[in-house]
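What follows is a short report on a single structure.
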Protein chains: 2
Amino acid sequence: MNTTPILANIAKHIALTSDEENYFLSLLREKSFNKKELILRESQRCEYINFVNSGTLRAYYLSNDVKETTVMFAIKDWWITDMNCFMNLQPAMLHIEALENSQVIQLSKNNLDKLFLEIPKFERFFRIIFQKAYIREQLRGIENLSLSAEERYQVFSNKYPQILKKVNQKQIASYLGITPEFLSSILSKSKK
Amino acid sequence: MNTTPILANIAKHIALTSDEENYFLSLLREKSFNKKELILRESQRCEYINFVNSGTLRAYYLSNDVKETTVMFAIKDWWITDMNCFMNLQPAMLHIEALENSQVIQLSKNNLDKLFLEIPKFERFFRIIFQKAYIREQLRGIENLSLSAEERYQVFSNKYPQILKKVNQKQIASYLGITPEFLSSILSKSKK
DNA sequence: CAAAAAAATTAAGGTAGTTTAAGATTTCGA
DNA sequence: TCGAAATCTTAAACTACCTTAATTTTTTTG
């Protein structure tokens, strides 16, 4: 198991002793997913929070079994799960799929609860992770309500150039809240 | 200072000894705002996180000095601030105004940092607060991208009936991301 | 309480983005 | 490597929501 990235990610916000580090690592498991495989399916239990070691994941909401809304993408070094389902033990509202072969490190809800008890510093770590996630989602909400589709595309491509390279237009459109046809027409206009 | 509501709010998630309680209370200050008064103005420093003791507040983003986007309402028992500005010491992006005479309890960033050092349990408390805020914002994002304006109004009025009573249609429209004129036409149609 | 300001309503005309559909291009699976 | 499936493009018709503007209703303030 390649634990360097996840330990570096954690060291950004809290410092662990080597005992703590070992205890933390003992709670993790590694899992690989093939392209197009589902990490999580709607209505299932969502047992794990996932740290992306390699590859690309996408979380999306499927309304009326037909319209996809992309909630987030996750690449190397991101954490992803259906947070409501994971934390509140609800059935999943989201699907999470691998957009390419991906390797993730999984931490179960039970082990996270243990971790909070054993090493309270992790409360701080996840406090910071959630704080950033909240700020990010709130800003995206403002952008969605105050910018045009074309402006939203510009913001997205400036903010996440690495993601832009990895995902197709249909998926970007569903993240921006527009149809693939309309995104295509935006892009062909802005080339001129 | 009426500290019963804020202590009850905290007791929902963590248990404090009476020493801890006293230390926490020593870091707070109470402030009252008149209807229409601004608690926070765009581009200012945002020094405080606010707990609402009474009244109603609204946070909004103003684009091109003309279009308002309501980011959140806060009534009794809610926490509100411009979180990015508060936590990352950035100039405020949001305005926060009192929609009626309101009393809030304020905790400064400096005192919050002290609190995290002195009583690490508060990391847990705010971890849970941010976790809920993140889940709430993500769900709102999904609703904004997947539901029609009329459906969004229904969801809002079912989820926040107390807020619905306190705020006017113009403000609800700016929360839903539509014009007041269009909200008016939705409402008059649905009466029939 | 009266006057002024703000909010809500209504309606006509306009536009950003959707829908449908068909063809062209790329990716994928056997 | 070939055929099938998915994605992308283009375009025309359509609609949800916006803009403007005038009128009415409600709220605020001196």
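No hydrogens, no waters, no symmetry mates; every other heavy atom, side chains included, goes into these values.
- Taking the six-membered ring for Trp and thresholds of 30 and 60 degrees, Phe130(A) and Tyr134(B) have ring planes inclined between 30 and 60 degrees apart.
- Counting heavy atoms from C-beta on, the side chains of Phe126(A) and Leu112(A) come closer than 4.5 Å.
- Annotation for Ser157(B) and Leu164(B): closest pair CB-CD2, 3.5 Å, computed over non-hydrogen atoms.
- Leu145(B) places its CG atom 13 Å from the P atom of dC17(D), with the value rounded to the nearest Å.
- Take Thr70(B) and apply the side-chain contact (heavy atoms from CB on, under 4.5 Å) test, not counting sequence neighbours, and it matches Arg58(B), Tyr60(B), Phe73(B), Ser174(B), Tyr175(B).
- Defined by atom type and a distance below 3.5 Å, a donor-acceptor pair is missing between the side-chain atoms of Ser54(B) and Gln103(B).
- Among the candidates Leu89(B), Thr81(B), Ile49(B), Asn88(B), the single residue satisfying the side-chain contact (heavy atoms from CB on, under 4.5 Å) test with Lys109(B) is Leu89(B).
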* **Summary of protein contacts for nucleotides 12-30 of chain C, nucleotide by nucleotide, where a base hit scores B, a sugar-phosphate-only hit scores S (4.0 Å, heavy atoms)** => -----BBBBB------S--

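- Separating the OH atom of Tyr153(B) from the P atom of dC17(D) is a distance of 15 Å, rounded to the nearest angstrom.
- Between the NZ atom of Lys170(B) and the C1' atom of dT26(D) there is a distance of 14 Å, given to the nearest Å.
- With rounding to whole Å, Leu187(B) atom CG is found 18 Å from dT25(D) atom P.
- Considering only side-chain N and O atoms, Gln169(B) lies under 4.0 angstrom from the phosphate OP1 or OP2 of dT9(C).
- When distances run from any side-chain atom of Asn168(B) to the nucleotides dA8(C), dT9(C), dT7(D), the shortest one goes to dA8(C).
- Donor-acceptor pairing under 3.5 Å is lacking for the side chains of Glu47(A) and Ser108(A).
- Each end of the helix from dC1(C)-dG30(D) to dA30(C)-dT1(D) yields a helix axis from five base pairs, and these two axes differ in direction by 70° (to the nearest 10 degrees).
- For the residue pair Val52(A) and Ala74(A), the shortest heavy atom distance occurs at CG2-CB, 4.0 Å.
- Regarding Ile172(A), its CD1 atom lies at a distance of 11 Å from the P atom of dT9(D), rounded to whole Å.
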